[in-house]
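Take a look at the structure below.
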Amino acid sequence: MATLNHTGISHTVFHLLGIPGLEDQHMWISIPFFISYITALLGNSLLIFIICTKSSLQEPMYLFLCMLAGADVVLSTCTVPQALAIFWFYAGEISLDCCITQLFFIHSTYISESGILLVMAFDRYIAICYPLRYTTILTHALIGKIGVMIFLRSYVTIFPIIFLLKRLNFCQNNIIPHTLCEYNGLAKYACNDVRVNVWYGFFILMSTVVLDVLLIFVSYALILYAVYHIPSQDAHRKALNTCGSHICVIILFYGPGIFTTLTQQFGRHIPPHIHILLANVCILAPPMLNPIIYGMKTKQIRDLVIHELFTKQT
């Protein structure tokens, strides 16, 4: 493939269109975006505050949840303000460097969340299969090391993308029909051979998210095997109850992504704005709903939230 086309131009500024085909509905579409963002910020910030300040929540499960809430804040902040700027002010212009920075943080944070969900599955496995050794296995020191490894993995795997994109010449187009910059969407405008980019993107997907899903599946298979070898039915219920919130969050996190991937591969006749809306659901839904799910299904968190919000100190 030729390195440059006949114009010799390499665009350094791009224009995000928002949701093509629904431009006249942008103001209405911005309402659920704004509500989702505010809910995500308030819910996750409250979750982080409660977990960090309450000694009764200094257990491994809640510390991992605190990491997840922090990642949710970063993920929503990387994406929603840009979309709202397009919807409200038609401010879709973005430099190449800012575009690459945005997609770096989106993808690295997404991989971080996937890693956190994996270690939360491991946490539930230890809690159910080795309850007497739970706190001695998952010490605060080990949790800290796990957290560092999760974020290092995400940044190390995504960091080469910066150089893979910076080496390209974007001479085909500088109009991006989306609310955000994403890896494949930007690479397809290059006039260079992008096979290295495509294969590296596939490697990242398989070595992080797909591997995490497989390991989560193995963890829950082991959990179910252990639970159904417990003679007491009441113990069955209590053990599975401890996994309820995590399973809901896993479905919420991976479900839209899998559905979006399938529609992109097999739904070629689906209008482009549907694909863009689905991509935004993948990013908007987990940060907004995760704190609600854990707040509703975890008694300790629910009681402390009610106390913080509604109990007057005398």
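Count residues from 1 along the sequence. Since the model is a prediction, treat every value here as computed from it, not as a measurement.
- At least one donor-acceptor pair closer than 3.5 Å links the side chain of Ser76 to the backbone N or O of Val73.
- Side-chain contact check for Ser114 and Tyr254: at least one donor-acceptor pair (N or O, by modelled atom type) lies under 3.5 Å.
- Phe33 has its ring centre no less than 6.0 Å from the ring centre of Trp28.
- A side-chain donor-acceptor contact under 3.5 Å links Asn197 to the backbone of Leu164.
- Under the 30°/60° scheme for interplanar angles, the aromatic rings of His229 and Tyr225 are found to be tilted.
- Between the side chains of Tyr220 and His246, a donor-acceptor pair is found at a separation under 3.5 Å.
- Atom OG1 of Thr157 is separated from atom CD1 of Ile204 by 5.5 Å, given to the nearest 0.5 angstrom.
- Asn192 places no side-chain N or O within 3.5 Å of a backbone atom of Val194 that could act as its donor or acceptor partner.
- To the nearest 0.5 Å, atom CG of residue Asp212 and atom CZ of residue Phe217 are 15.0 Å apart.
- Tested against Ile51 for a side chain to side chain contact (heavy atoms under 4.5 Å, CB included), the candidates Leu304, Leu57, Leu46 yield a single pass: Leu57.
- If you take CG on Leu103 and CD1 on Ile158, they are separated by 8.5 Å, rounding to the nearest 0.5 Å.
- Asn184 places a side-chain heavy atom less than 4.5 Å from the side chain of Glu182.
- One finds the CG atom of Leu138 at 5.5 Å from the CD1 atom of Ile143 (value rounded to the nearest 0.5 Å).
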task = Apply side chain to side chain contact (heavy atoms under 4.5 Å, CB included) to Val249 and Leu68, showing your working.
result = CA-CA 10 Å; Val249 169; Leu68 183 67; 4.1 Å; yes
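- Sorted by first and then second residue, the disulfide (SG to SG under 2.5 Å) pairs with a member in residues 74-127 read Cys99-Cys181; sequence neighbours excluded.
- Judged as a ring pair (Phe, Tyr, Trp, His ring centres under 6.0 Å), not a single pair has a partner in residues 41-78 (not counting sequence neighbours).
- Side-chain N or O atoms of Gln82 include none that pairs as donor or acceptor with a backbone N or O of Val80 at under 3.5 Å.
- When the shell of 6.0 Å around CZ of Phe105 is examined, it contains 12 or fewer heavy atoms from other residues, nucleotides or ligands.
- For the atom pair His269 NE2 and Ile274 CD1, the distance stands at 15.0 Å (nearest 0.5 Å).
- The heavy-atom pair separating His178 from Ile86 by the smallest distance is O-CD1, 4.3 Å.
- The number of heavy-atom neighbours closer than 6.0 Å to CZ of Arg167, taken from other residues, nucleotides and ligands shown, is above 12.
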message = Could you go through His275 and Thr260, starting from their C-alpha distance and side-chain angles, then the distance that decides it, and tell me whether this counts as side chain to side chain contact (heavy atoms under 4.5 Å, CB included)?
response = CA-CA 7 Å; His275 290 296; Thr260 300; 5.7 Å; no
request  = Walk me through it: do Leu168 and Tyr189 pass the test side chain to side chain contact (heavy atoms under 4.5 Å, CB included)?
outcome  = CA-CA 9 Å; Leu168 300 177; Tyr189 291 132; over 6 Å; no
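- Aromatic rings from Phe170 and Phe14 are positioned such that their centres are separated by under 6.0 Å.
- A distance-only check finds a donor-acceptor pair linking the side chain of Thr136 to the backbone of Arg133 [under 3.5 Å].
- Under a hydrophobic-cluster definition in which Ile, Leu, Val, Met, Phe, Trp and Tyr are linked whenever side-chain heavy atoms come within less than 4.5 Å, directly or via other members, Leu142 and Phe151 are assigned to the same cluster.
- No donor-acceptor pair closer than 3.5 Å links the side chain of Tyr125 to the backbone N or O of Tyr130.
- Residues Leu252 and Pro286 share a closest heavy-atom pair of CD2-CA, 3.8 Å.
- Checking Ser154 against Ser112 by side-chain atom types alone, a donor-acceptor pair falls below 3.5 Å.
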message = side chain to side chain contact (heavy atoms under 4.5 Å, CB included), that's the test. Do Gln25 and Ile19 meet it? Break it down for me.
response = CA-CA 9 Å; Gln25 303 295 322; Ile19 305 177; over 6 Å; no
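- One distance of note links CD1 of Ile270 with NE2 of His273; it measures 10.0 Å at 0.5 Å rounding.
- Arg302 contributes a side-chain N or O that, together with a main-chain N or O of Met296, makes up a donor-acceptor pair within less than 3.5 Å.
- Both Tyr110 and Phe203 are part of a single hydrophobic cluster, where members link through side-chain heavy atoms under 4.5 Å apart.
- Here the side chain of His140 pairs a donor or acceptor atom with the backbone of Gln58 at under 3.5 angstrom.
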